[in-house]
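This one's a predicted model, so the numbers in the text were calculated from it and none came from an experiment. Atoms within a ligand are numbered from 1 in the order they appear, just like the ligands themselves.
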Amino acid sequence: MKTIRGESKKYLEIDLGKRSWSVFSPTEADLRDYIGGKGLGLKMIHDRLGNRLGALDPLDPDNILAFMMGTFLATGAPCSARFAGVTKSPLTGIMVAASCGGPFGMACKTAGWDGVLVSGQAAEPTVVHIDEAGVRFEAAGELWSMETGPAQSRLVDNPRQGALLIGPAGENGVLYSVIRSGHRYLGRGGMGTVMGAKNLKAIVATGLSCRIEPADPVAFARLNKKARTMINRNAFVRSYRAYGTNFGVNPGVDAGYAPVRNFRDRTDERCRNLSGEAMAERYHTTHAVCAPCTVLCGHKGTYPDGVKRHIPEYETIGLWGGNLMNFDPDIIGSWNDRMNELGIDTISCGATVGWAMEAAEKGLRPSQLAFGRTDNIAGILDDIAWRRGEGADLALGSRRLALKYGGLDFAAQVKGLEMAAYDPRAGWGQGLNYAVANRGGCHLNAYPIALEALFKFIPQYSTLSKASWVAFMEDLFSATNSTQTCQFTIFGYLLEPPIARFTPKPLLKLAMTLLPEVAQLVLDWSALSGLVSAITGRPIGMRAFLKSGRRTHVLERCMNLACGITAADDTLPRRFLEEAITKHPVKSVVPIESLVKAYYRKKGYDADGVPTPRLLRRLGLPSLVLPSVVGAAR
Ligand code: SF4
């Protein structure tokens with residue numbers, strides 16, 4: 001078996017229209033500057049599309065779908081199953097990157113490929129097969145129209161294989177359709193829709209023909225052990241391990257970030273029926289995770305109907321639970337299964353259905369949907385995937401519907417991407433995060449609600465330190481998402497080194513609130529950056545790691561500016577800016593203007609939200625294309 005030291009540096013470039021493929025390698029400078037995963041994927045798309053990016057219809061054959069294997073993938077580092085998908089989103093019209101821990105990543109990387117770039121449109125529905133020798137095209141035949149579960153069973157018949165595939169939603173142009181791999185998903189922004197527009201049903205990788213060894217095995221072994229120790233003892237990780245992401249339900253009821261009745265109220269005691277603790281007891285849950293994983297957040301359990309199901313994630317539970325005034329976890333489990341089979345993003349769909357329920361209540365749009373009514377949801381999901389009846393409309397997502405019927409003020413989306421299940425009035429940093437996140441209403445951009453409402457390191461209802469933490473965390477997450485280790489490990493790396501662990505919590509809280517830049521200077525993520533060095537053989541210190549994350553984030557911002565984003569898009573729906581009274585005892589609206597202004601300053605953007613030439617120079621961003629891109633956006 002061939003041994004690869006860290007990374008093969010070989011990428012497949014597939015043109016579906018020409019049924020051709022080639023191999024290319026990124027420059028050493030790009031590997032150093034962008035690490036891999038999300039960052040390198042954005043850079044490759046940027047270089048290939050250049051000034052065509054802005055006007056490009058995301059469903060045009062020329063759009064590029066990049067699948068980027070993580071630096072950590074297949075090395076044995078913590079949570080190292082993950083890979084990225086990057087493209088221009090049909091839902092938002094701007095860039096989208098997502099992360100997935102399904103088996104495609106392991107198969108692709110151990111076939112010797114660090115990534116796959118797909119462009120063009122196949123003349124007929126197609127399945128692409130890749131292995132160590134290269135690429136083979138095959139007609140999808142009867143797989144087209146098939147739901148993801150049966151299609152995947154047909155495509156993958158041995159443990160060396162992993163597939164990426166779409167369901168009917170992606171084939172039929174639902175703007176928020178997903179790509180499935182195993183029981184994991186590239187979930188946001190309609191990546192499955194791009195794949196469907198390319199007539200691409202699936203990519204099947206056959207791997208395990210190469211062994212991935214770190215470039216420096218001794219340093220890797222030492223850092224891997226250290227990282228695992230830190231991750232294992234982190235309280236956040238232990239909660240995930242015990243109850244999955246739904247450990248966040250009860251704190252959401254208390255802290256007031258639970259989405260209730262299309263984000264009108266931000267708490268409801270009945271949401272506790274949907275908590276991780278309640279579901280662990282009800283379904284006798286066991287782990288079902290990305291492989292390999294150190295955190296173990298995923299769970300499955302046996303439902304009262306006897307079916308063994310994957311427990312829906314917190315976002316799905318939030319948006320299909322209290323958000324729709326439904327407090328029955330059993331029925332959300334069955335809807336979650338249905339959406340996974342059809343290939344639908346549970347977050348965008350849940351928020352769109354919530355909007356439709358409120359729009360119907362307000363008489364803006366007739367609908368069979370109503371808060372608390374659950375009997376017609378399963379049928380609606382099929383109608384969305386097949387674009388029938390009301391489903392054809394709902395397949396467009398909440399922003400397009402609100403522009404068509406009115407009701408933009410209560411469409412829980414930013415830049416067209418539906419918000420995740422955290423009401424931003426419960427954490428003003430979370431509000432800022434949604435407003436400025438590159439891909440739109442994304443909770444994972446910086447995830448400040450964890451600092452505000454879960455760890456309670458910084459106050460929920462204050463602007464103090466928020467711009468600084470959002471700017472810092474999004475750089476750190478951008479870099480982390482270029483290694484493609486799981487973001488859920490990050491608090492283990494940050495909070496378990498001695499400097500954070502042995503500082504008394506009140507002192508840590510004070511420093512994080514009043515002197516955030518000082519706190520960021522003393523935090524230590526050297527184990528994470530050290531693992532990157534040990535795997536790739538390219539030394540990268542923790543400051544350079546952070547700078548790489550900022551470079552990726554700013555590059556993505558520039559690409560979005562080229563796609564037409566302006567400072568006016570860096571805001572929240574009016575509900576979160578004006579409606580202070582909810583069921584939660586604390587009245588709160590997000591003071592978004594001052595937060596965004598402070599954030600622009602921290603980030604090195606000008607008052608229009610455009611990265612300054614000084615920042616671009618400091619990050620060494622490409623000088624040929626970007627100035628014209630940024631100039632065109634102003
Ligand atoms: S923590 Fe959860 S999402 Fe992250 S790699 Fe493990 S199972 Fe996957």
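Checked for salt-bridge contact, Asp33 and Arg538 miss the test: no charged N lies under 4.0 Å from a carboxylate O. Using a 4.0 Å cut-off between charged side-chain N and carboxylate O, Arg188 and Asp345 make a salt bridge. Ion pairing of Glu556 with Arg551 is absent here, as no side-chain N (NZ or NE/NH1/NH2) approaches a carboxylate O to less than 4.0 Å. Classification of Arg180 and Glu147 as a salt-bridged pair fails, no side-chain N sitting under 4.0 Å from a carboxylate O. Remark: Arg282 engages Asp330 in a salt bridge, criterion side-chain N to carboxylate O under 4.0 Å.
In terms of protein heavy-atom proximity, atom 4 (Fe) of ligand 1 is nearest to Cys486 SG, 2.3 Å. If you check which protein heavy atom lies closest to atom 6 (Fe) of ligand 1, you get Cys293 SG, 2.2 Å. For atom 2 (Fe) of ligand 1, the nearest protein heavy atom (residue, atom name, distance) is Cys297 SG, 2.3 Å. Among protein heavy atoms, the minimum distance from atom 1 (S) of ligand 1 is reached at Val295 CB, 3.4 Å.
Every atom of ligand 1 is numbered from 1 in the order shown, and the set under 4.0 Å from a heavy atom of Val289 is 7 (S).
At least one heavy atom of Cys290 sits less than 4.0 Å from an atom of ligand 1.
Only the side chain of Arg82 comes within contact range of ligand 1, with a heavy atom under 4.0 Å; no backbone atom does.
In this structure, Thr316 contributes its side chain and Pro312 its backbone to no donor-acceptor pair below 3.5 Å.
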